[in-house]
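Because only heavy atoms are used, hydrogens play no part in the values below, and waters and symmetry mates are left out as well, while side chains stay in. Note that this is a predicted model, so its numbers are computed, not measured. So that the names make sense, note that chain A is the first sequence line, chain B the second, and so on, each numbered from 1.
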2 protein chains.
Amino acid sequence: MSAGGTTLERRVLDAAKTCCEKWGVAKVTIDDIANESGVSRASLYRLFPGGKDVLFEALRLQELEDFFTRLSAHVEGADGLEDLLVCAVVAATAELRADRHLALMLASEPGETLGHLTVDGLPRIMRVATVFLAPFVDPYLPRRESAALVELLSRLVISYFLAPSQHVDLGDPESARTFIVTHILPAFDAALIRS
Amino acid sequence: MSAGGTTLERRVLDAAKTCCEKWGVAKVTIDDIANESGVSRASLYRLFPGGKDVLFEALRLQELEDFFTRLSAHVEGADGLEDLLVCAVVAATAELRADRHLALMLASEPGETLGHLTVDGLPRIMRVATVFLAPFVDPYLPRRESAALVELLSRLVISYFLAPSQHVDLGDPESARTFIVTHILPAFDAALIRS
DNA sequence: GACGCTGAGACTGTTTGTGTCTTATTGTCT
DNA sequence: AGACAATAAGACACAAACAGTCTCAGCGTC
């Protein structure tokens with residue numbers, strides 16, 4: 001995590017994202033990214049030794065961090081654990097749904113994309129989610145518990161996003177609140193830090 | 001014009017359209033279309049001898065006819081020449097703007113797309129527009145005049161779509177009506193068939 | 001059983017893309 | 001001015017993808 005990244009690196013990754021939005025990951029070439037970013041192919045390989053794979057890996061990482069940065073901002077003002085969780089879950093779901101990039105990727109190459117969202121990517125998603133969101137939960141729960149809670153909810157958000165349920169809609173504040181109050185919070189009640 | 005087209009042909013063209021929506025014309029291959037349509041490459045070349053170019057040409061033609069078919073439906077109920085024109089212009093503009101396919105094409109390969117929309121394609125667009133829309137105008141104007149009117153408005157719709165004006169918004173019924181009443185109709189007033 | 005239509009896939013030449021490398025060019029610091 | 005680092009430009013070899021053609025086998029119809 002961290003590392004602001006050179007201006008150049010950012011420029012390249014942004015260009016890569018733009019290209020993906022236009023054509024879908026599968027169809028983007030190094031040349032496309034070089035043209036879009038105005039960075040020469042040579043520099044591009046210097047920046048990401050290993051080429052395409054490394055570059056896209058870096059892009060996924062950046063996207064992931066950006067995602068949670070935006071999410072953190074959303075969650076900033078929440079008051080109380082329940083509100084905090086509802087807000088986070090709703091915002092995350094909404095953003096996943098609104099992400100045209102992601103939608104296009106899922107539409108064009110479900111296999112790859114699903115892989116990055118599940119088997120390959122989940123551990124990392126969990127890690128980043130914990131780093132970003134646990135601090136918000138920490139005031140209410142002991143460290144271990146808050147990490148566990150963040151992980152649990154992250155998994156559920158992704159699951160409900162990929163396979164929507166008829167009963168629960170985590171994009172809807174009402175539904176999300178009901179779900180969290182009845183199915184999540186009770187399990188953590190014992191550990192609650194009452195201040 | 002005309003020719004319903006084999007089921008197979010339709011299937012292929014629809015698949016081609018889907019592919020274009022996913023990846024943009026520039027990135028679509030014959031194999032993509034074959035896979036998407038479930039039609040073998042062999043049949044594909046049999047159907048469109050000449051390959052890619054011929055296929056995309058056919059696709060543009062179909063899109064064009066579909067466009068005007070939808071537009072005709074929109075215009076069906078209009079009462080009086082003024083309403084007819086306003087309705088047609090607004091619907092056409094709205095549809096152009098809403099067309100994700102077209103938007104993506106313009107975003108990814110403006111050169112090509114613009115070519116098909118202007119220098120190469122305009123004459124054909126005019127022709128098809130006239131065939132489809134002139135009948136609606138015929139009750140109000142002599143044949144020559146109605147054709148001229150349709151052509152004039154078609155050109156203007158495309159022009160305002162490609163290069164929006166600050167003063168006129170042909171997607172807005174109010175604005176379109178004002179524009180038509182003050183800048184178009186007067187020129188045809190003399191030819192009006194009053195019934 | 002001949003006929004027409006389709007899918008599967010082999011095949012060739014061409015194009016496009018990748019990754020590496022060398023050679024200018026540019027701007028900065030001393 | 002001259003040395004230095006960073007970048008662009010683009011040549012190059014190799015690999016992959018693509019276009020277009022062709023053959024053949026399967027299948028339903030007459």
Side-chain angles (χ1 to χ4, degrees), chain A residues 3-60 62 104-105 107-113 115-116, chain B residues 3-62 104-105 108-113 115-116:
Chain A
T6 332
T7 310
L8 209 62
E9 186 176 331
R10 186 82 202 190
R11 233 170 80 201
V12 169
L13 291 183
D14 286 350
K17 191 182 173 186
T18 310
C19 289
C20 287
E21 278 162 6
K22 280 191 201 164
W23 299 312
V25 238
K27 298 277 188 176
V28 173
T29 71
I30 291 282
D31 279 294
D32 291 333
I33 299 174
N35 288 334
E36 178 73 31
S37 65
V39 171
S40 74
R41 239 151 46 85
S43 307
L44 214 146
Y45 277 102
R46 230 173 290 122
L47 239 65
F48 303 94
K52 223 178 172 183
D53 292 347
V54 175
L55 197 158
F56 276 112
E57 185 58 22
L59 177 58
R60 275 191 291 275
Q62 178 184 280
L104 278 177
M105 279 170 60
S108 349
E109 310 95 14
E112 274 288 299
T113 310
H116 293 308
Chain B
T6 334
T7 309
L8 209 62
E9 185 175 332
R10 186 83 203 187
R11 236 170 78 202
V12 170
L13 292 182
D14 286 350
K17 191 181 174 188
T18 310
C19 288
C20 288
E21 279 162 4
K22 280 191 202 166
W23 300 312
V25 238
K27 298 277 187 175
V28 173
T29 70
I30 292 282
D31 279 292
D32 290 334
I33 299 173
N35 288 334
E36 178 74 29
S37 64
V39 172
S40 73
R41 238 151 44 89
S43 307
L44 214 146
Y45 277 103
R46 265 190 295 268
L47 239 66
F48 303 94
K52 224 179 171 183
D53 292 348
V54 176
L55 196 158
F56 277 111
E57 185 57 23
L59 177 58
R60 276 190 291 273
L61 198 71
Q62 179 185 279
L104 278 178
M105 279 170 61
S108 345
E109 308 94 14
E112 274 288 299
T113 310
H116 293 307

Between A/A42 and A/T29, whichever has its closest DNA chain C nucleotide further toward 5' is A/T29
Heavy-atom closest pair (B/L59 atom, B/A16 atom, distance to 0.1 Å) is CD2-CB, 4.0 Å
Heavy-atom closest pair (A/V39 atom, A/L44 atom, distance to 0.1 Å) is CG1-N, 4.2 Å
Result for 5'-nearest mapping on DNA chain D, choosing between A/G38 and B/D32, is A/G38
Whole-Å distance, B/F56 CZ to D/dC18 P, equals 13 Å
In whole angstroms, the gap separating P of C/dT18 from CD1 of A/I33 amounts to 8 Å
note: A/K27, atom NZ; C/dG17, atom C1'; distance rounded to Å ~ 13 Å
Here the distance between atom P of D/dC18 and atom CG of B/D53, to the nearest Å, is 17 Å
Looking only at heavy atoms, the pair that brings B/V12 and B/S37 closest together is CA-CB, 4.1 Å
Is it the case that the base of D/dG10 and the side chain of A/R41 share a donor-acceptor contact (distance under 3.5 Å, atom types as modelled)? no
Could you check whether any side-chain N or O of B/K27 sits under 3.5 Å from a backbone N or O of A/W23, counting only pairs where one atom can act as donor and the other as acceptor? no
_A/S43 side chain near D/dT7 phosphate (N/O to OP1/OP2, under 4.0 Å)_ = no
Looking only at C/dT20, D/dT21, D/dA8, the nucleotide nearest the A/R11 side chain is D/dA8
Which of C/dG17, D/dT7, D/dA19 is nearest the side chain of A/R46? It is D/dT7
At under 4.0 Å, does any side-chain N or O of A/K52 touch on OP1 or OP2 of C/dG17? no
Rounded to whole Å, CG of A/L47 lies from P of D/dT7 at a distance of 7 Å
B/D31 atom CG is separated from C/dT16 atom C1', nearest whole Å, by 15 Å
Among the nucleotides C/dG7, D/dT21, C/dG17, whichever has the atom closest to the side chain of B/Y45 is D/dT21
Whole-Å distance, B/L8 CG to C/dG7 C1', equals 11 Å
Residues A/E36 and A/T18: closest non-hydrogen pair is OE2-CG2, 3.6 Å
Rounded to whole Å, CG of A/N35 lies from P of C/dG17 at a distance of 10 Å
